[in-house]
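Here the structure is laid out as structure tokens; the discussion comes afterwards.
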2 protein chains.
Amino acid sequence: MDETKKAETAPPVDRVIDVPPSECSLARAIGEIGDAWTLLILREVICGVTRFEKMQEDLGISRAVLSDRLQKSVEFGLLEKVEHREPGQRMRHRYALTAKGRALLPALLALRQWADDFLRDEPSRTVFCDKDMSRVTVLITNEAGKQTSVNDVIATTVDDIDARSG
Amino acid sequence: MDETKKAETAPPVDRVIDVPPSECSLARAIGEIGDAWTLLILREVICGVTRFEKMQEDLGISRAVLSDRLQKSVEFGLLEKVEHREPGQRMRHRYALTAKGRALLPALLALRQWADDFLRDEPSRTVFCDKDMSRVTVLITNEAGKQTSVNDVIATTVDDIDARSG
DNA sequence: AAGGCTGGGTCTGCTTTGCAAACTTTGCTA
DNA sequence: TAGCAAAGTTTGCAAAGCAGACCCAGCCTT
């Protein structure tokens with residue numbers, strides 16, 4: 001085993017960032033969207049599946065749970081329930097992304113990228129593009145706009161930053 | 001309500017990207033790490049909390065469930081169980097991030113950013129930096145390296161891309 | 001107007017998962 | 001040798017998930 005790999009998989013950790021989860025915004029995020037079904041539902045909406053029946057069929061989720069998750073997603077402001085009438089049809093509902101829900105795209109894209117890198121056996125058929133049909137990716141940059149590798153990212157606290165610069 | 005906001009919250013959706021979740025790498029990712037506890041455990045490890053007892057105390061998770069999630073994370077290759085002896089102490093275990101686990105950082109950072117933008121009531125105390133102690137952020141770019149807004153991102157399929165360019 | 005169809009849910013009974021708290025094991029250290 | 005702590009396992013009960021049945025409002029046909 002070469003040295004770089006060893007450093008990657010088992011770095012000696014002595015720095016403990018002691019911010020309890022209750023104070024961590026990530027923990028609160030997980031409370032809202034950390035449920036597996038909620039993420040899958042958001043994925044459906046992003047891919048244009050906005051109706052109850054189709055989601056239920058796609059996901060194979062129990063109707064009761066789907067109903068519950070949709071309600072909660074609306075409560076949390078991730079989705080919006082929209083009345084929608086197609087010509088010659090009766091009134092239907094759709095669930096549409098709100099700005100808050102759409103803002104989860106970077107997280108979902110990052111997760112997808114990870115899955116493609118580490119779990120894929122065949123390439124993903126879905127693709128995410130910008131207006132010019134240029135594929136988009138998620139990456140980490142520092143304040144100067146320079147791309148950074150995950151291996152160079154460290155967790156610290158504002159207090160620590162202040163202490164260094166002050 | 002102004003027009004841009006309306007467009008944001010309820011775009012008319014006629015394009016349905018019909019790739020079932022079973023074929024979607026995102027769905028498989030959610031199978032591995034979509035559990036709320038697993039994400040919180042990864043957050044602990046990233047912040048330097050690598051021992052069973054401390055995690056259990058921080059998270060308030062049941063010991064049985066913590067044990068189960070750690071085992072699964074090791075099975076999935078997200079974490080590695082490392083024997084670890086401090087001088088004058090008996091042998092202990094630590095759970096360390098593998099390369100696969102560390103590769104989830106962009107997703108977790110993106111989620112954190114989202115939480116800071118939409119859920120925060122007070123600023124996060126934890127910060128993520130690069131080697132130069134410059135704070136890092138996650139952003140979406142296209143193939144030309146140009147930053148893209150979430151509002152301009154659309155889902156499509158490889159088939160569709162091929163059809164346009166071909 | 002009667003009946004049927006469909007989208008969008010509830011309801012029910014059973015199974016699985018989660019939880020707190022007690023218990024176990026192993027290897028120090030006193 | 002007794003005691004302690006880290007890292008689990010066990011147990012008994014509570015909550016959540018599931019499949020499948022049921023329900024109801026609107027619209028359409030006859």
Side-chain angles (χ1 to χ4, degrees), chain A residues 10 13-14 16 18 21-22 27 30-41 44-45 48-76 79-96, chain B residues 10 12-14 16 18 21-22 27 30-41 44-45 48-76 78-96:
Chain A
V13 173
D14 35 18
V16 171
D18 213 342
S22 57
I30 291 169
E32 288 202 6
I33 57 103
D35 173 84
W37 286 125
T38 302
L39 289 174
L40 287 169
I41 289 168
E44 288 287 297
V45 177
V49 175
T50 61
R51 293 202 333 284
F52 189 96
E53 291 294 311
K54 184 69 164 61
M55 286 187 203
Q56 199 266 323
E57 180 192 334
D58 277 7
L59 299 174
I61 186 178
S62 121
R63 304 176 75 82
V65 175
L66 177 56
S67 176
D68 176 78
R69 288 311 121 84
L70 286 172
Q71 250 174 258
K72 281 184 182 153
S73 297
V74 169
E75 267 173 45
F76 287 144
L79 298 178
E80 206 179 14
K81 194 170 180 176
V82 182
E83 303 279 301
H84 175 65
R85 180 191 299 272
E86 285 174 50
Q89 300 270 313
R90 84 159 126 139
M91 196 74 102
R92 301 277 162 75
H93 310 139
R94 289 188 308 113
Y95 290 90
Chain B
V13 173
D14 36 18
V16 171
D18 214 343
S22 58
I30 290 169
E32 287 202 6
I33 56 102
D35 173 83
W37 286 124
T38 302
L39 289 174
L40 287 169
I41 289 167
E44 289 285 297
V45 177
V49 175
T50 61
R51 292 200 334 283
F52 189 96
E53 292 293 313
K54 183 69 163 62
M55 286 185 202
Q56 199 266 322
E57 180 192 335
D58 277 7
L59 299 174
I61 186 179
S62 120
R63 304 177 74 81
V65 175
L66 177 56
S67 175
D68 176 77
R69 290 309 124 82
L70 285 171
Q71 250 174 258
K72 281 184 181 153
S73 296
V74 169
E75 267 174 43
F76 287 145
L78 301 170
L79 297 179
E80 205 179 15
K81 194 170 178 175
V82 182
E83 303 278 301
H84 175 65
R85 180 190 299 273
E86 285 174 50
Q89 299 268 314
R90 83 159 128 140
M91 196 76 103
R92 302 274 162 76
H93 310 141
R94 288 188 308 113
Y95 290 89

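Both backbone and side-chain heavy atoms feed into the values below; hydrogens, waters and symmetry mates do not. Every chain is numbered from 1, with letters handed out A, B, ... down the list of sequences. Owing to the predicted nature of the structure, the values given are computational and were not obtained by experimental measurement.
For B:E44, the side chain to side chain donor-acceptor pair (under 3.5 Å) criterion is met by no residue, not counting sequence neighbours. Residues that satisfy the side chain to side chain donor-acceptor pair (under 3.5 Å) test with A:D35, not counting sequence neighbours, are A:T38, A:R69. For B:L39, the side chain to side chain contact (heavy atoms under 4.5 Å, CB included) partners two or more places apart in sequence, or in a different chain, are A:I30, B:I33, B:L108. Listed by chain and number, the residues in a side chain to side chain contact (heavy atoms under 4.5 Å, CB included) with A:E75 amount to none (sequence neighbours excluded). Under the side chain to side chain contact (heavy atoms under 4.5 Å, CB included) criterion, B:K81 pairs with B:H93, B:Y95, not counting sequence neighbours. Qualifying side chain to side chain contact (heavy atoms under 4.5 Å, CB included) partners for B:R63, counting only residues two or more places apart in sequence or in other chains: B:F52, B:E53, B:Q56.
For DNA chain D, the contact window with chain A, defined by any atom under 4.0 Å from a protein heavy atom, covers D:dG17 to D:dC28 in 5' to 3' order.
Separating the CD1 atom of B:I61 from the C1' atom of C:dT17 is a distance of 12 Å, rounded to the nearest angstrom.
Nearest heavy atom pair, residue B:A27 against residue B:P21, reads CB-O, 3.0 Å.
The residue from B:I41, B:V65, B:V45 that alone fulfils the side chain to side chain contact (heavy atoms under 4.5 Å, CB included) condition with B:L70 is B:I41.
Toward the 5' end of DNA chain D, the nearer of the two residues A:R85 and A:V65, judged by each one's closest nucleotide, is A:V65.
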Dump the pairs, protein N or O against N or O of nucleotides 6-12 of chain C, anything under 3.5 Å, distances to one decimal.
residue	atom	partner	partner atom	Å
C:dT6	O2	A:R90	NH2	2.4
C:dG7	O4'	A:R90	NH2	3.4
C:dG8	OP1	A:H93	N	3.1
C:dG8	OP1	A:H93	O	3.1
C:dG8	N7	A:E53	OE2	2.8
C:dG8	N7	A:R63	NH2	2.9
C:dG9	OP1	A:K81	NZ	3.1
C:dG9	OP2	A:Y95	OH	2.9
C:dG9	N7	A:R63	NE	2.8
C:dG9	N7	A:R63	NH2	2.7
C:dG9	O6	A:R63	NE	3.2
C:dT10	OP2	A:S67	OG	2.9

